[in-house]
Amino acid sequence: MSLTDVLVVGAGPTGLTLAVDLARRGVAVRIVDRAPEFPHGSRGKGLSPRSLEVLDDLAVIDRVLASGTTHLPHRKYHGAEVVAEVDPEAGQVPTPDVPYPTGLLIPQWRVEQILRERLADFGVAVERGTELHDLHQHADGVTARIGGTPLQARYLVGCDGGHSTVRSALGLRLHGETPDLPLMAVGDVEVDGLGRDAWHQWFTGTGGIMLCPLPGTNAFQVQASPELDRDGAPLAPTLERFQRTFDRFAGVPGVRLHDLAWSSTYRVNVRMVDRLRVGRVFLAGDAAHVHPIAGGLGMNTGIQDAYNLGWKLGFVLAGNATSRLLDTYEEERLPIAARLLDITSQRLATVLDAIREKGGGVDAVATPELTQLSLRYPWSRLSPRSTGRRTGPRPGDRAPDAPLHDATGAPTRLFDLFRGPHFTLLGLGERGTGALADVAPGIVRSYPVGPGGFLDHDGHVTAGYGTDALVLVRPDGYLGLVTDPTDTAGVARYLRCL
């Protein structure tokens, strides 16, 4: 029987993020997917600013940014007449603490391709056409039957989508509702007679259609009201039906849709599990929560589920933490999933109201929450209360970026110091740099920011973090501990309690 540390079931963005994070930690990981071919449809088409920070840490940000676009205007029509045009993220520019202030428009298949390429850097490939048939847990791990072959793993993670086989094998259900809302037909299609300089949107009181250019391709993603049969059931989306829908709602002469490459019909569900862990098996992404597409948080939340779980599995498997650390995955991410359902439901209601008005569109969904930069874990046992501090970020908060100079004057930034599978300990200010000592070498990388260390360029570190403190940053970019600059014993105690 073959053995591995972690078996990841499902090779979408969630599973691939997890596999990359584990592989870079030296964890033996296998990732399987029942699909015989890699998906080519756009499906999700946007990455949030927080997800871009995750992909920065995984060393794929340059490829991701080169494959996408930002600040695409939303162009709204009444027939052939343009009635409004808006950039929902106008004025959002990089700042010292937030290097990626806007979402990135990029088709999901390209995100997956980039993550597969990164996974190959570690000698790991997705095993396609490989289906999980059953699993059995025991004291030492999980025995899974993959195809006709048994495989033993120390842990198994189900990242296999809304129809998750892993979730079913655990006996868990998605609790929630399927609201009585209109269905949506979605597809990737090429278009003649329409510019690629905007996201084109037509809405009337009875439905609508949108065409969004997909970067790096000749295609547009089409989202439209589906045609219905006599009983009101949706008909399968086809090129001819998309064209008829366009002609009915837009009626712009000379626009022709052709070469439909992929299509699907989408129904809104608002559901989640009540557990993310059963013994040595975990759920992440759509296997654990499904919700309205408003705001494009599905792919992004799955990426961040995986990022939260990856470092914890890695630390436990390396013997740097007890299995109790794995309990904090559910403790931290289950409330986030519940909040996600609330946010996306609220945003969907806002959009449905907006598109009933002339000039309304899906830009109504935009709120600061959708950047996911404000997500935090103050309730977690990994976020002990700070002592003696009233300002600055606190345990459980996202660790902001800031520019620095090293001793030679060369520029760098905090995110460069954070990048990798380690904890980062910052000694801030004169007292912090003077007291800084090696704590748990191999687990923690320590950096003084102040006299004798990195130089705080224009005071941005002080503005973001304060001074005269030790700040311990978790491997997933959240603060673990903020303490007195002489409290290296407190840092060591925090790490021993993982």
Side-chain angles (χ1 to χ4, degrees), residues 6-24 29-70 72 100 102-131 157 159-162 186-190 196 212-222 259-264 284-287 293 296-307 310 419:
V6 180
L7 174 63
V8 179
V9 181
T14 303
L16 287 165
T17 298
L18 179 60
V20 169
D21 198 18
L22 293 171
R24 70 173 178 159
V29 59
R30 289 179 63 177
I31 178 168
V32 301
D33 197 285
R34 61 188 162 212
E37 301 292 337
F38 294 128
H40 60 275
S42 58
R43 296 169 291 157
K45 61 179 183 298
L47 292 169
S48 72
R50 179 57 190 158
S51 291
L52 292 174
E53 293 182 354
V54 172
L55 297 172
D56 183 324
D57 183 45
L58 298 181
V60 296
I61 189 63
D62 290 343
R63 277 177 278 177
V64 167
L65 294 177
S67 300
T69 190
T70 60
L72 185 71
Y100 313 112
T102 66
L104 184 77
L105 182 67
I106 180 173
Q108 182 172 323
W109 66 261
R110 179 58 179 145
V111 176
E112 294 174 0
Q113 183 183 53
I114 291 169
L115 287 170
R116 288 196 302 269
E117 291 167 355
R118 179 62 174 142
L119 191 59
D121 293 339
F122 303 102
V124 181
V126 175
E127 300 173 40
R128 291 180 290 171
T130 306
E131 187 167 0
V157 186
C159 306
D160 50 341
V186 185
D188 291 349
V189 65
E190 295 187 27
R196 299 183 60 83
C212 181
L214 296 170
T217 76
N218 295 321
F220 288 70
Q221 186 187 78
V222 54
D259 291 294
L260 178 66
W262 163 83
S263 65
S264 183
D286 287 353
I293 61 174
L297 295 183
M299 171 168 58
N300 292 285
T301 302
I303 286 172
Q304 291 163 57
D305 283 348
Y307 194 52
R419 190 178 298 110

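Keep in mind it's a predicted model, so treat the numbers as computed, not measured.
- Residues passing the salt bridge (Lys or Arg N to Asp or Glu O under 4.0 Å) test with D62, sequence neighbours excluded: none.
- Heavy-atom minimum distance, V29 versus A19: CG1-O, 4.0 Å.
- Residues T14 and C159 share a closest heavy-atom pair of CG2-SG, 3.8 Å.
- Checked against T17 for a side-chain contact (heavy atoms from CB on, under 4.5 Å), the options V111, I303, D305 give a single hit: I303.
- Looking at residues two or more places apart in sequence or on another chain, you find a side-chain hydrogen bond (donor to acceptor under 3.5 Å, both in side chains) between D21 and R24, R25.
- Take R34 and apply the salt bridge (Lys or Arg N to Asp or Glu O under 4.0 Å) test, not counting sequence neighbours, and it matches no residue.
- Under the rule for a side-chain contact (heavy atoms from CB on, under 4.5 Å), the partners of W262 that lie at least two apart in sequence or sit in another chain are H40, S42, R43, V186, D188, S264.
- By the side-chain hydrogen bond (donor to acceptor under 3.5 Å, both in side chains) test, S51 is found to be paired with S48, N300, Q304, residues two or more places apart in sequence or in another chain being considered.
- R116 pairs by the salt bridge (Lys or Arg N to Asp or Glu O under 4.0 Å) definition with nothing, not counting sequence neighbours.
- Taking the side-chain contact (heavy atoms from CB on, under 4.5 Å) definition, one finds that N218 meets it with E190, sequence neighbours left out.
- Pairing each heavy atom of A59 with each of R63, the nearest pair is O-NH2, 3.9 Å.
- In terms of heavy-atom proximity, I106 sits nearest to G68 at CB-CA, 4.2 Å.
- R30 pairs by the side-chain hydrogen bond (donor to acceptor under 3.5 Å, both in side chains) definition with S2, E127, not counting sequence neighbours.
- Residues D33 and F38 are not in side-chain contact: their nearest non-hydrogen atoms beyond the backbone lie 4.5 Å or more apart.
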| request: In sequence, state the C-alpha distance, the side-chain angles, and the governing distance for V20 and D121, and then conclude on side-chain contact (heavy atoms from CB on, under 4.5 Å). | output: CA-CA 9 Å; V20 169; D121 293 339; over 6 Å; no
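- The backbone N or O of L58 sits less than 3.5 Å from a side-chain atom of R118, completing a donor-acceptor pair.
- Contacts of R419 classified as side-chain hydrogen bond (donor to acceptor under 3.5 Å, both in side chains), with partners at least two apart in sequence or in another chain: D56, D416.
- Smallest separation of non-hydrogen atoms from S67 and R110: OG-NE, 2.9 Å.
- For T70, the side-chain contact (heavy atoms from CB on, under 4.5 Å) partners are T102, L104, not counting sequence neighbours.
- Residues P13 and Q108 come closest through the heavy atom pair CD-NE2, 3.4 Å.
- Atoms CG and OH, from L47 and Y100 in turn, are 12.0 Å apart once rounded to the nearest 0.5 Å.
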| message | For L16 and Q113: C-alpha separation, side-chain torsions, deciding distance, then whether side-chain contact (heavy atoms from CB on, under 4.5 Å) applies. | response | CA-CA 10 Å; L16 287 165; Q113 183 183 53; over 6 Å; no
